[in-house]
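First the structure, in the form of structure tokens, and then the observations on it.
Just so we're clear, the structure is a prediction, and the values are computed from it rather than from any experiment. Here is the naming used below: chain letters follow the sequence lines, and residue numbers restart at 1 for every chain.
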Amino acid sequence: MEYNFRKIEDDWQKYWAEKQTFKAENNATKPKYYVLDMFPYPSGAGLHVGHPLGYIASDIYARYKRHKGFNVLHPQGYDSFGLPAEQYAIQTGQHPAITTEANIKTYRKQLDQIGFSFDWSREVRTSDPSYYKWTQWIFIQLFESYYCKDANQARSISELEAVFATEGNYRINAACDDNIEIFGADDWKNYSEEQKQKILLKYRLTFLSETEVNWCPALGTVLANDEIVNGVSERGGHTVIRKKMMQWSMRITAYAQRLLDGLAKIDWPQPLKDSQTYWIGRSEGAMVSFNVIASETKQSLPYKIDVFTTRPDTIFGVSFMTLAPEHELVSKITTPEQKEAIETYKKATSKRSELERMADVKTISGVFTGAYAQHPFSGKEVPIWIGDYVLAGYGTGAVMSVPCGDERDYAFAKHFNIEIPNIFEGVDISEEAYTDKENSVIANSDFLNGLPYKKAMKTIIYEIEKRGFGYGKINYRLRDAVFSRQRYWGEPFPVYYKNGMPQMIDKQYLPIVLPEVEKYLPTEDGQPPLGNATTWAWDTNTNTIVSNDKISHPSGDLGGVFSLELNTMPGWAGSSSYFNRYMDSENTEEFVSKEAVNYWQDVDLYIGGSEHATGHLLYSRFWQMFLYDKGVVPVEEYAKKLINQGMITGTSAFVKRVGFTFFNLAGIDFSVKDNENLNLLREEFKVVKDKIISEDLILYLKKTYNLDKTNNKEHIEHMKKREVLINYLINPISQKISELGLIDKILIDDGDLQFFKTHVSVDYVNSNDQLDFERLKKEDILYKEVEFITADSNIFLCSREVEKMSKSKYNVVNPDQICVEYGADSLRMFEMFLGPLEQSKPWKTSGISGVYSFLKKLWKLYIVNDVFSVSDEEPTPEEFKVLHKTIKKVEEDIANFSFNTSVSTFMIAVNELTALKCNKRAILEPLAIIIEPYAPHIAEELWKNLGHSTSISTVEFPVFEPKYLVESRKEYPVSFNGKMRFKIELSLDLGIKEIEDAVLAHEKTQEHLQGRIPKKVIIVHGKIINIVE
RNA sequence: GCAGAAGUGGUGGAAUUGGUAGACACGCUGGACUUAAAAUCCAGUGGGCAGUAAUGCUCGUGCGGGUUCAAGUCCCGCCUUCUGUACCA
């Protein structure tokens, strides 16, 4: 009876699907446990071996929890809106929904064959109208809410309207736009409906505003900061420029402090928390106002420059101010003499792309405006400059420059010869700024003199507030999140426009379904792709989507038909609350029912990649807090514990071509023509395209050049071989050389050979790095005419390097082939066996035979004379010991997510039981259970053959009993000065003194001591003995 | 620049509170079975030195110091690689 994994795995996958073994119930007496994976984007390339890593880990955990008596929710779905499907649609005209559907089918098939215990009855797809109905619903909730800073929570916008109507906005303390004017109840009543809406928009948690965005012309869309890598788009690497656009934004900044505080409550990896903390970027300081004065008359101008500073204590060190070139005051305060210079500079900076600005951080540039500001305390006038090191988008877009305490201000001042007053006690600032705030003591600063940092901070903020120059403030680096995308394949907004003001469509008419378009590109006049839709208007009479030509009036006021929003939502919209929807995915009336969400509460374990640290994982926390405020969900943080699985890197394979360097020989007459020809030659043979050389020959070529020439015989032998090879490579070149008439005029340097490597698909390379070049030549047109040069053996070797697994690097390994060859259980165990879950690790299939033969050995334990059979005999203490030590270790490993070590533990157990020839039910039955989370198919089959008629999946996990591990004797390692020399077996009943006597009496101890008396004998009971000489 | 993670045999990795460094597996070497191959099984396998051998000695966890009876593990100072981030006032 062989281990027939194909049949076993097929059978059980069918069984689980038919019996819905892993369907979770929303009301159960068992305690709940929610295990979640980050749902995948179904790309056209299908799954590669890196994807299942996290899924296998979470599946092991979920299965383990079922054995431990939990009602486990382990759902899966698809984040199916996204750019690749849209780009594919642009190229081929194929509707994204069709390609997405096809990709999902492939994913599902691939996932199914790995044997995951997902509850597919709860599947969600973000691109499915029945799902994005709720994304739209949450959007509406955000629109209908504002953030009350007093209550520190989101409140209904109608509450705000009520306050406005009774007392205006004097007392409102809300997270809102900066430019809100104060009004009273009477003002409010007299405002037109449009004016009211405009004001309310400034308070809403999702709002329209003109924002400077990262516009990518090539993609025709706005990109979020985290979609830009090194100044170009993450996808496609296109340039990104800054542009002002009317956009939906999410007021995530309202939640900055809570997002920060919440981190303390959750068990997430510290690096991930660190990057969120940094991203939110809280800094404490003060807002200070500087009055602008006219340069000539020294009279106050009606302008103030507000700056945010984290070092108000250094305010007496201010010797100039710097504004961002885009700052609105720049044009107002610039003096006529400076106008031209300022305008030129502004133009130059706006042209510079993000990429350029980032590339030369070191270049200092700026222009004096001609205007001065008055120092609020000293009354001194300080010049106002503009400079692009000040960013318009952060703080107020202006800084008070303290060159002695800030590196950039220092560099700027040095560069433009601005005064650098020193306001630190006992510090030399002639070479660089003094930035160590904790140890600073203030000097030359009036009432701050002699105060250390903390005291100076308190004092100055008190004074600033007292004198009315400003106030203490906490600033955050976090920006409000732009929520509009100029794409087709995303959630449409439930929004239409009436007189240019956005209106929400009532919940009962959701979902607003994505319209059909002919082209997925932006329209010719620059509208988003939805601008191509002809049926994309909202009829408020019928509450349906109707044809655009029914819009009766440009502003849409007459017939009650209005144009719908043309933007769609960004990628993170659909993923920001999907984990709540899984709890009640079929509910058509509510996002999630009270019963369901109160039962499941939150995710107990969330597994996914760390690349989502500042994107998905921040936005989803924000939405969760909002939904918590609204009473939709019962907890503020949705994931108690999070694990980042490491990346699996691929082992890329390379083939190398050789290239030659040519020199003209010294002392030879060289004509212009010759020179041209030489360049021609260099161009053509920089790389010899039609010959590829095996790696062993390349190593040989490198090695032989520097060979020790004193060993004559060997040297000559090698040089001969080398010459043959080089000549072979050079021959066609020689021909060319003679054609060009360059013989005897140039030198080919065969010492400094250049090698050029090209990726070759790993599919053609076996685990010994041998390339099947015959097949490659047949199947890949690029290599049809190429000659593969090998050593005598005719074996072609590739060179290898570890890189990120990616299609473009031709190193993607697909799990399907492994499932076919070794089975899902082997794949699962092997992926875990690779190394610690959270570390990145290279993929090498060579080790898979190890886990495969382990599974075969496991199977054999249950087989006697080719028949499945176990004995009911009582196991020996030794056999019990093997079992219980395995249970103990595996449970500890699961708790620590150390799945790689539990695989070795299983191997050790099976090796030991095989050695013991153990065939006893009392051992082998529990063994099948503890191995089930890792290798569920074989475990089910063993369980069935052990005589059980139901699935093993919820059988109680064997209980570890320490009594089986109690030892009576210990083999003590005996060390001398910490170096282990020999072992001595002693009873564990012995006391320290008795052990010492026994050890000192031992002949080997005597041998080592050679009659010397040890200084000290250290004995750790049950562990070690160390003799100090 | 800043933040984080990591560095252990030919390879992936183990060593949970400082206590036998290299578990487990791959690979490699030798052997058994076989006409042969695959599969399977057995033995060996960090480097160096000595010895016919059993064995012994010695070096060894990126580098340099330190604490300790004892350091891969703790402390100080560096180096390298990876990942994230980008003038945040």
Side-chain angles (χ1 to χ4, degrees), chain A residues 2 225-226 229-231 269-275 277-279 281-283 285 307-311 314 322 354 357-358 360-362 364 387-391 393-402 405-409 411 475-479 610-611 613-614 644 646-647 649 767-768 802 804 830 833-836 838-851 853-854 856-857 860 889 892-893 895-896 898 900-908 911 971-983 1014-1020 1022-1029:
Chain A
E2 289 277 295
N225 281 333
D226 46 296
V229 177
N230 294 330
Q270 197 55 42
L272 197 150
K273 286 186 182 181
D274 288 346
S275 71
T277 305
Y278 179 71
W279 195 261
R282 179 191 155 106
S283 51
V307 297
F308 174 73
T309 174
T310 53
R311 297 291 306 272
T314 64
T322 316
E354 270 312 285
R357 255 173 112 153
M358 257 160 25
D360 60 8
V361 172
K362 300 252 154 62
I364 296 155
D388 69 357
Y389 80 96
V390 177
L391 305 177
Y394 183 74
T396 60
V399 300
M400 56 173 230
S401 302
V402 184
D406 182 281
E407 278 169 32
R408 290 153 306 166
D409 295 345
N475 214 34
Y476 297 92
R477 204 177 79 106
L478 184 71
R479 311 283 83 213
S610 58
E611 65 273 21
T614 50
N644 286 133
M647 189 174 58
T649 50
S767 53
N768 296 326
V802 171
K804 187 172 178 171
F830 181 60
F833 194 48
L834 278 175
E838 300 188 66
Q839 256 173 42
S840 85
K841 46 208 165 268
W843 178 262
K844 259 198 161 180
T845 34
S846 49
I848 199 162
S849 61
V851 287
S853 53
F854 155 75
K856 284 193 284 192
K857 270 192 232 166
K860 271 194 200 156
K889 177 84 170 99
E892 285 167 0
D893 285 343
N896 295 324
S898 174
N900 54 327
T901 50
S902 38
V903 175
S904 355
T905 305
F906 287 130
M907 288 174 170
I908 294 167
N911 288 346
E971 200 179 28
Y972 281 96
V974 181
S975 305
F976 288 78
N977 295 326
K979 286 218 178 296
M980 205 278 287
R981 294 300 174 184
F982 63 91
K983 287 171 188 169
K1015 275 189 198 147
K1016 212 188 207 180
V1017 179
I1018 310 261
I1019 294 164
V1020 181
K1023 279 232 161 110
I1024 56 110
I1025 295 160
N1026 191 18
I1027 297 170
V1028 187
E1029 286 185 77

- Please work out if A:Ser975 contacts a base, only the sugar-phosphate, or nothing of the nucleic acid, heavy-atom cut-off 4.0 Å. nothing
- Tell me whether the guanidinium CZ or amine NZ of A:Arg477 lies under 6.0 angstrom from the six-membered ring centre of A:Tyr278 and within 45° of its axis. yes
- Considering all heavy atoms of both residues, which atom of A:Leu272 and which atom of A:Ala613 are nearest to each other, and what is their separation? CG-CB, 4.0 Å
- Note on the structure: Between A:Ser283 and A:Thr310, the two heavy atoms sitting closest are CB-CG2, 3.7 Å
- Nearest-angstrom distance, C1' atom, B:C75 to B:U68: 12 Å
- Do A:Thr614 and A:Ser275 have a side chain donor and acceptor closer than 3.5 Å? no
- Item | Touch class at under 4.0 angstrom, heavy-atom based, for A:Asn896 against every strand present | nothing
- Please tell me which of the listed nucleotides, B:U85, B:U16, B:U20, lies nearest to the side chain of A:Lys889? B:U16
- Query: Counting side-chain heavy atoms from C-beta on, which of B:C24, B:G13, B:C26 comes nearest to A:Met907?
  - Reply: B:C24
- Rounding to the closest angstrom, what is the interatomic distance between B:G18 and B:C74 at atom P? 8 Å
- Item | Closest approach of A:Pro973 to A:Lys1023 (non-hydrogen atoms, all atoms of both residues) | CD-O, 3.3 Å
- Query: Mind telling me whether B:G9 is syn or anti, cutoff 90° either side of 0?
  - Reply: syn
- Item | Gap between atoms CE and P, on A:Met980 and B:U20 respectively (whole Å) | 9 Å
- Query: Any N or O donor-acceptor pair linking the side chain of A:Lys983 to the base of B:U20 at under 3.5 Å?
  - Reply: yes
- Query: Contact class for A:Lys856 vs. all strands (heavy atom < 4.0 Å): base, sugar-phosphate, or nothing?
  - Reply: sugar-phosphate
- Rounded to the nearest angstrom, tell me the gap between atom CG in A:Leu478 and atom P in B:C88. 17 Å
- Task: From the options B:A21, B:A89, B:A25, select the nucleotide whose nearest atom is closest to the side chain of A:Leu391.
- Result: B:A89
- Can you name the closest pair of heavy atoms from A:Phe833 and A:Val903 and give their distance? CD1-CG1, 3.6 Å
- Message: Please report the distance separating the P of B:C82 from the corresponding atom of B:G46, rounded so that it comes out in whole Å.
- Response: 31 Å
- Message: What is the distance, to the nearest angstrom, from the NZ atom on A:Lys841 to the P atom on B:A14?
- Response: 10 Å
- Item | Whole-Å gap separating P (B:A70) and CD1 (A:Ile1019) | 16 Å
- Listed nucleotide nearest any side-chain atom of A:Val1020, set B:A25, B:A89, B:G19: B:G19
- Query: Looking across every strand, which nucleic acid part, if any, lies under 4.0 Å from A:Ser275 by heavy atom: base, sugar-phosphate, or nothing?
  - Reply: nothing
- Which part of the nucleic acid does A:Val399 contact within heavy-atom distance under 4.0 Å: base, sugar-phosphate only, or nothing? base
- Message: Can you check the distance between B:A71 and B:G66, where both ends of the measurement are the C1' atom (answer in whole Å)?
- Response: 11 Å
- Message: Could you tell me how far B:U55 sits from B:G51 if I compare only their C1' atoms? Round to whole Å.
- Response: 8 Å
- Task: Could you check which of B:A86, B:A70, B:C87 has an atom nearest any side-chain atom of A:Trp279?
- Result: B:A86
- If you draw a 6.0 Å radius around CD in A:Glu2, do more than 12 non-hydrogen atoms from other residues or ligands fall strictly inside? no
- Message: Distance check needed: B:U40 P versus A:Phe854 CZ, whole Å only.
- Response: 15 Å
- Query: A:Ile908 near the nucleic acid: base, sugar-phosphate alone, or nothing, with a heavy-atom cut-off under 4.0 Å?
  - Reply: sugar-phosphate
- Message: Does B:C88 have OP1 or OP2 under 4.0 Å away from a side-chain N or O of A:Arg282?
- Response: no
- Message: In this structure, how many angstroms lie between the C1' atom of B:A6 and the CE atom of A:Met647, rounded?
- Response: 13 Å
- Query: Starting at the 5' end of RNA chain B, what dot-bracket string do you get if Watson-Crick and G-U pairs under 3.5 Å are bracketed, crossing pairs use [ ], other-strand pairs use | and unpaired bases use dots?
  - Reply: (((((((..(((......[....)))((((((.......))))))(((((....)))))..(((((..]....))))))))))))....
- Message: Please give the distance between the P atoms of B:U73 and B:G7 as a whole number of Å.
- Response: 11 Å
- Message: Given B:U17, B:A86, B:A14, identify the nucleotide with an atom nearest to the side chain of A:Lys1023.
- Response: B:U17
- Pairwise C1' distance, B:A23 and B:U40 [rounded to whole Å]: 24 Å
- Message: I'd like to know if the side chain of A:Lys857 reaches the main chain of A:Asn911, judged simply by a donor and an acceptor atom lying under 3.5 Å from each other, with no hydrogens or angles considered.
- Response: no
- Message: Using OP1 and OP2 only, check whether a side-chain N or O of A:Asn977 sits under 4.0 Å from B:A70.
- Response: no
- Message: What is the distance, to the nearest angstrom, from the CG atom on A:Leu834 to the P atom on B:A14?
- Response: 11 Å
- Proximal nucleotide (of B:A89, B:C24, B:A6) relative to the A:Thr310 side chain: B:A89
- Note on the structure: Nearest heavy-atom contact between A:Ser401 and A:Tyr389 is OG-OH, 3.6 Å
- Query: Given that A:Thr309 and A:Pro271 both sit by RNA chain B, which one's nearest nucleotide is further toward the 5' end?
  - Reply: A:Pro271
- Task: Give a yes/no answer on whether the side chain of A:Asn911 brings an N or O atom under 4.0 Å of OP1 or OP2 in B:A25.
- Result: yes
- Donor-acceptor pair, A:Asn1026 side chain versus A:Gly978 backbone, under 3.5 Å? yes
- Query: Any side-chain N or O of A:Tyr278 under 4.0 Å from OP1/OP2 of B:U85?
  - Reply: no
- Note on the structure: Considering only heavy side-chain atoms of A:Lys1016, the closest of B:C69, B:A89, B:G13 is B:C69
Please produce a list of atom pairs where a protein N or O lies less than 3.5 Å from an N or O of nucleotides 58-62 of chain B.
unit_1	atom_1	unit_2	atom_2	d
B:U58	OP2	A:Arg981	NH1	3.1
B:U58	OP2	A:Arg981	NH2	3.2

- Any donor-acceptor pair under 3.5 Å linking the side chain of A:Asn896 with the backbone of A:Glu892? yes
- Which of B:A14, B:C26, B:A70 is nearest the side chain of A:Ser853? It is B:C26
- Message: Using the P atom as the point on both nucleotides, what is the distance between B:U29 and B:A39, in whole Å?
- Response: 15 Å
- Give the ring-plane orientation class for A:Phe982 versus A:Phe976, where under 30° counts as parallel, over 60° as perpendicular and anything between as tilted. tilted
- Message: Quick check: closest heavy atoms across A:Met400 and A:Asp409, and the distance to 0.1 Å?
- Response: O-OD2, 3.9 Å
- Which comes earlier along RNA chain B counting from the 5' end, the contact point of A:Asp274 or that of A:Glu892, where each point is its nearest nucleotide? A:Asp274
- Task: Starting at atom CZ of A:Arg311, determine the distance to atom P of B:C88, rounded to an integer number of angstrom.
- Result: 14 Å
- For the side chain of A:Phe833, counting heavy atoms from C-beta on, which of B:A89, B:G27, B:C24 is nearest? B:C24
